[in-house]
Structures are given as structure tokens and as C-alpha cells.
Amino acid sequence: QVQLVESGGGSVQTGGSLRLSCTASGYTVSGVCIGWFRQPPEKEREGVALISPSGLTTYKDSVKGRFTVSRDAAKNTLYLEMHSLNPEDTAMYYCAALRPLYCSVRSLSSPLAVLYSGQGTQVTVSS
């Protein structure tokens, strides 16, 4: 049984930082297309960051230079380092593994493209 479990969310002030983790069981985070999407309150979900099977990373424009996605094969864990947070980053954050043909940040926003996802971790940024 595949499980993706997110952690590391919380409440921070504008300008703060957080590191999200996504620990997988029954599934290997290495060599696959995997990333993070978020769902802000009363808005549609949006892809945030992606790491390809080869390790190439891509980001939503609004988080470039502030967020970094990475993975640790030994810990079978995906990470999202977030800096310079602002209230527009407030959302529930989910890690998600994509179907191989849908390896793009945009695809993270499509439930049809997602193979597995976790239950999410809440990030709240106050001004």
C-alpha cells in the first residue's frame, strides 16, 4: 500500500521560512516524477514545484527563487524548502507523484495526472 505523508507545515509571519517533508512508503521517490501542489482557501489547486526522474527541478513562476524542491533517496523523502513566505503562499500543501506522461508543474494541478498524493500539511502566512 502506497502512502505519502506530509509534515512540516505551520504558521509563520511574512518573510519566514518552512521546510515541508513528504515521506513515502510502498513507493520510491527516486527516479520518478514527483512534486508539490497547493490549494489556497477557496481557490483551485496549483502546481508549485516538481522534480523529474533525472533530477531536473521546475517551479511555478511566483515561487521561483524562494522555494526549492529536493529528495533524499536514503530517507525516501521529498522536501520543499520555502523562504520569503508571504500571505499568498497560505494553502494546504500536498506532495504528489505524477503519471509518467504528465511530468510537468502544470500537471500537478490535475487530479487525472496524479498517481498518488498525501493528506496535506497546512501552511499559514500572516502579514
Side-chain angles (χ1 to χ4, degrees):
Q1 182 180 358
V2 174
Q3 278 193 313
L4 302 178
V5 180
E6 301 93 339
S7 62
S11 296
V12 296
Q13 292 188 326
T14 295
S17 299
L18 286 171
R19 186 177 82 156
L20 307 184
S21 300
C22 171
T23 301
S25 58
Y27 187 76
T28 301
V29 304
S30 299
V32 296
C33 188
I34 193 166
W36 297 86
F37 68 87
R38 66 188 182 187
Q39 183 140 29
E42 301 180 355
K43 293 184 180 180
E44 294 186 354
R45 64 195 258 178
E46 54 187 17
V48 174
L50 179 85
I51 185 165
S52 75
S54 66
L56 182 68
T57 57
T58 52
Y59 301 91
K60 175 181 172 61
D61 284 348
S62 65
V63 308
K64 285 179 181 177
R66 301 188 298 122
F67 290 13
T68 302
V69 60
S70 63
R71 57 189 166 198
D72 184 327
K75 296 182 179 179
N76 205 27
T77 298
L78 181 74
Y79 299 101
L80 185 67
E81 290 268 0
M82 306 185 296
H83 299 285
S84 301
L85 287 162
N86 59 66
E88 288 69 41
D89 296 315
T90 293
M92 185 73 82
Y93 283 71
Y94 302 83
C95 65
L98 290 174
R99 301 181 186 279
L101 293 179
Y102 297 93
C103 195
S104 71
V105 170
R106 173 173 279 188
S107 291
L108 285 164
S109 65
S110 171
L112 294 177
V114 171
L115 194 56
Y116 305 110
S117 63
Q119 294 300 307
T121 186
Q122 178 67 39
V123 172
T124 302
V125 186
S126 58
S127 57

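What you see is a predicted model; the values in this text were computed from it and never measured. These numbers come from the heavy atoms of this one structure, side chains and all, not from hydrogens, waters or symmetry mates. For the single chain, residues carry numbers from 1 onward in sequence order.
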Mind checking what makes side chain to side chain donor-acceptor pair (under 3.5 Å) contact with Ser25, not counting sequence neighbours? none

Residues passing the side chain to side chain donor-acceptor pair (under 3.5 Å) test with Thr121, sequence neighbours excluded, are none

Would you mind listing every salt bridge (Lys or Arg N to Asp or Glu O under 4.0 Å) that reaches into residues 107-125, with sequence neighbours excluded? none

Could you tell me which residues satisfy side chain to side chain donor-acceptor pair (under 3.5 Å) with Arg106, sequence neighbours excluded, listed by chain and number? none

Ignoring hydrogens, what is the shortest heavy-atom contact between Leu108 and Arg45? Give both atom names and the distance. O-NH2, 3.2 Å

Rounded distance (nearest 0.5 Å) linking atom CG of Asn76 with atom OG of Ser30: 6.5 Å

Ignoring hydrogens, what is the shortest heavy-atom contact between Pro53 and Gly31? Give both atom names and the distance. CB-O, 3.5 Å

What is the distance from atom OG of Ser110 to atom CD of Glu44, rounded to the nearest 0.5 Å? 11.0 Å

Taken in chain and number order and not counting sequence neighbours, the residues that satisfy side-chain contact (heavy atoms from CB on, under 4.5 Å) with Val2 are Tyr27, Tyr116

Report whether Val114 and Leu78 are members of the same hydrophobic cluster (ILVMFWY, side-chain heavy atoms less than 4.5 Å apart, transitive linking). no

Would a hydrophobic clustering, with Ile, Leu, Val, Met, Phe, Trp and Tyr connected at side-chain separations under 4.5 Å, put Leu115 with Leu98? no

Hits for side-chain contact (heavy atoms from CB on, under 4.5 Å) against Ser70, two or more places apart or cross-chain, chain-then-number order -> Tyr79

Ser117: what forms a side chain to side chain donor-acceptor pair (under 3.5 Å) with it, not counting sequence neighbours? none

Can a side-chain donor-acceptor contact be found between Ser54 and Ser52 if the only test is distance below 3.5 angstrom? yes

Begin from the C-alpha positions of Phe37 and Leu50 and carry the test side chain to side chain contact (heavy atoms under 4.5 Å, CB included) through to its verdict. CA-CA 9 Å; Phe37 68 87; Leu50 179 85; over 6 Å; no

The ring-ring contact (aromatic ring centres under 6.0 Å, His included) partners of Tyr93 (sequence neighbours excluded) come to none

Rounded to the nearest 0.5 Å, how far apart are CD of Glu6 and CD of Gln119? 7.5 Å

By side-chain contact (heavy atoms from CB on, under 4.5 Å), Gln122 pairs with (sequence neighbours left out) Thr90, Met92, Thr124

Residues 55-65 side chain polar contacts: donor-acceptor under 3.5 Å, at least two apart:
unit_1	atom_1	unit_2	atom_2	d
Tyr59	OH	Val69	N	3.0
Asp61	OD1	Lys64	NZ	3.0

Please report the shortest heavy-atom distance between Val32 and Thr28, naming the atom on each side. CG2-O, 3.5 Å

Ignoring hydrogens, what is the shortest heavy-atom contact between Ala91 and Arg38? Give both atom names and the distance. CB-CB, 3.7 Å

Where do Ile34 and Ala96 come nearest, in terms of heavy atoms and distance? CG1-O, 3.2 Å

Flag yes if Val48 and Met82 sit in one hydrophobic cluster, no otherwise; membership is Ile, Leu, Val, Met, Phe, Trp, Tyr, and two members link when side-chain heavy atoms are under 4.5 Å apart. yes

Taking only distance into account, with no hydrogens and no angle test, what donor-acceptor pairs under 3.5 Å do side-chain atoms of residues 9-22 form with protein atoms, sequence neighbours excluded?
unit_1	atom_1	unit_2	atom_2	d
Thr14	OG1	Ser126	O	3.0
Ser17	OG	His83	ND1	2.8

When rounded to the nearest 0.5 angstrom, what distance separates CH2 in Trp36 from CD1 in Ile51? 12.0 Å

Between Cys33 and Ser104, what is the shortest heavy-atom contact and its length? SG-N, 4.5 Å

Tracing side-chain links under 4.5 Å among I, L, V, M, F, W and Y, which residues wind up in one group with Leu101? Tyr102

